[in-house]
A.B. asks: 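Next up is a structure, given as structure tokens.
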Amino acid sequence: QVQLEESGGGLVQAGGSLRVSCAATGLTFSRYYVGWFRQAPGKEREFVAAISWSGNTRYYSDSVKGRFTASRDNAKNTVYLQMNSLKPEDTAVYYCAARREYSDSASLYDYWGQGTQVTVSS
């Protein structure tokens with residue numbers, strides 16, 4: 001069985017920071033790109049970031065570039081998303097997903113976690 005599990009979400013004040021994690025079981029994480037997506041109620045699921053197998057290549061949406069940083073520890077089968085300078089519009093459920101190749105399209109990812117809620121208050 002392949003499972004991804006997000007953790008680290010919570011409530012934070014605008015301007016604050018939060019780090020969410022994605023832990024994988026049932027697959028060799030080092031062979032996969034990992035994408036981060038988020039979805040707020042009534043809105044489409046939005047690409048946030050992605051990180052390559054080695055961690056040397058990263059992609060970010062324009063809305064989070066300069067504020068969010070993705071990293072990974074393949075020995076721990078874990079990917080992280082460090083979120084700084086958080087804004088109320090960052091409020092959403094954050095999901096991690098895995099795929100063999102890079103994509104910013106949620107529909108192309110093979111494995112998904114259940115999500116973790118991030119709420120940013122004004």
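This structure is a prediction, so every number in the text was calculated from the model and none was measured. The figures here come from the full heavy-atom set of this structure, side chains too, leaving out hydrogens, waters and symmetry mates.
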A.B. asks: Is the number of heavy atoms from other residues, nucleotides or ligands under 6.0 Å of Glu5 CD greater than 12?
C.D. replies: no
A.B. asks: Return yes if some donor-acceptor pair links the side-chain N/O of Thr91 with the main-chain N/O of Val120 below 3.5 Å, else return no.
C.D. replies: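 A pair under 3.5 Å: yes.
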A.B. asks: Are Arg67 and Asp90 within salt-bridge range, i.e. N to O under 4.0 Å?
C.D. replies: yes
A.B. asks: Dump the intermediate steps for side-chain contact (heavy atoms from CB on, under 4.5 Å) on Cys22 and Arg72, then the final yes or no.
C.D. replies: CA-CA 9 Å; Cys22 174; Arg72 69 190 301 165; over 6 Å; no
A.B. asks: Same cluster or not: Leu86 versus Leu81, using hydrophobic residues (I, L, V, M, F, W, Y) connected whenever any side-chain heavy atoms lie under 4.5 Å apart?
C.D. replies: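 Leu86 and Leu81: one cluster.
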A.B. asks: Any sub-3.5 Å donor-acceptor pair from Arg19's side-chain atoms to Gly8's backbone N or O?
C.D. replies: no
A.B. asks: If the threshold is 4.0 Å, N to carboxylate O, is there a salt bridge linking Asp62 and Lys65?
C.D. replies: yes
A.B. asks: Any heavy-atom pair between the side chains of Val12 and Thr119 that's under 4.5 Å?
C.D. replies: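 When only atoms from C-beta onward are counted, Val12 and Thr119 do not touch, as no gap falls below 4.5 Å.
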A.B. asks: Nearest 0.5 Å, what's the CD-OG distance between Glu46 and Ser61?
C.D. replies: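 It comes to 5.5 Å.
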A.B. asks: Could you give me the CA-CA distance, side-chain angles and deciding distance for Tyr95 and Val48, then say whether side-chain contact (heavy atoms from CB on, under 4.5 Å) is met?
C.D. replies: CA-CA 10 Å; Tyr95 299 89; Val48 176; over 6 Å; no
A.B. asks: Among Tyr32, Tyr33, Phe37, whose ring pair (Phe, Tyr, Trp, His ring centres under 6.0 Å) with Tyr109 holds?
C.D. replies: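 When ring pair (Phe, Tyr, Trp, His ring centres under 6.0 Å) is applied between Tyr109 and each of Tyr32, Tyr33, Phe37, only Phe37 qualifies.
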A.B. asks: Against the six-membered ring of Tyr94, is Arg38 placed for a cation-pi contact (under 6.0 Å from the centre, within 45° of the normal)?
C.D. replies: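 Output no; distance or angle outside limits.
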A.B. asks: Here's one to test your reading of the geometry: is the NZ or CZ of Arg45 within 45 degrees of the ring axis of Trp112 and under 6.0 Å from its centre?
C.D. replies: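 The answer is yes; both the distance and angle limits are met.
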A.B. asks: Are Leu108 and Leu4 co-members of a hydrophobic cluster defined by side-chain heavy atoms under 4.5 Å apart?
C.D. replies: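 Result: no, two separate clusters.
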A.B. asks: Is the backbone N or O of Gly9 less than 3.5 Å from a side-chain atom of Thr116, with the two atoms forming a donor-acceptor pair by type?
C.D. replies: yes
A.B. asks: Ignoring hydrogens and angles, state whether a donor on the side chain of Ser103 or Ser105 is under 3.5 Å from an acceptor on the partner side chain.
C.D. replies: no
A.B. asks: Calculate, to the nearest 0.5 Å, the distance between atoms CH2 and SG belonging to Trp36 and Cys96 respectively.
C.D. replies: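 Between Trp36 CH2 and Cys96 SG, I get 5.0 Å after rounding to 0.5 Å.
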A.B. asks: More than 12 heavy atoms of other residues, nucleotides or ligands under 6.0 Å from CD of Gln82: is that the case?
C.D. replies: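 Yes, enclosed.
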A.B. asks: At what distance, to the nearest 0.5 angstrom, does OH of Tyr80 lie from OG1 of Thr78?
C.D. replies: 4.5 Å
A.B. asks: Could you measure the distance from the NZ atom of Lys87 to the OG atom of Ser63? Nearest 0.5 Å is fine.
C.D. replies: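 Between atom NZ of Lys87 and atom OG of Ser63 there are 8.5 Å.
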A.B. asks: Looking only at side-chain N and O atoms, does Ser17 offer a donor or acceptor that is under 3.5 Å from a partner on Asn84?
C.D. replies: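 Yes, a side-chain donor-acceptor pair sits under 3.5 Å.
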A.B. asks: Check whether any side-chain N or O of Glu44 sits under 3.5 Å from a backbone N or O of Gln39 as a donor-acceptor pair, and report yes or no.
C.D. replies: no
A.B. asks: Working note: Val20 + Val118, criterion side-chain contact (heavy atoms from CB on, under 4.5 Å); need CA distance, chi angles, decisive distance, verdict.
C.D. replies: CA-CA 9 Å; Val20 293; Val118 173; 4.1 Å; yes
A.B. asks: Mind listing the closest non-hydrogen atom pair of Pro88 and Ala14 along with its distance?
C.D. replies: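 In this case the closest contact between Pro88 and Ala14 is CD-CB, 4.1 Å.
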A.B. asks: Tell me whether Tyr60 contacts the main-chain N or O of Ala70 through its side chain, where contact means a donor paired with an acceptor under 3.5 Å.
C.D. replies: yes
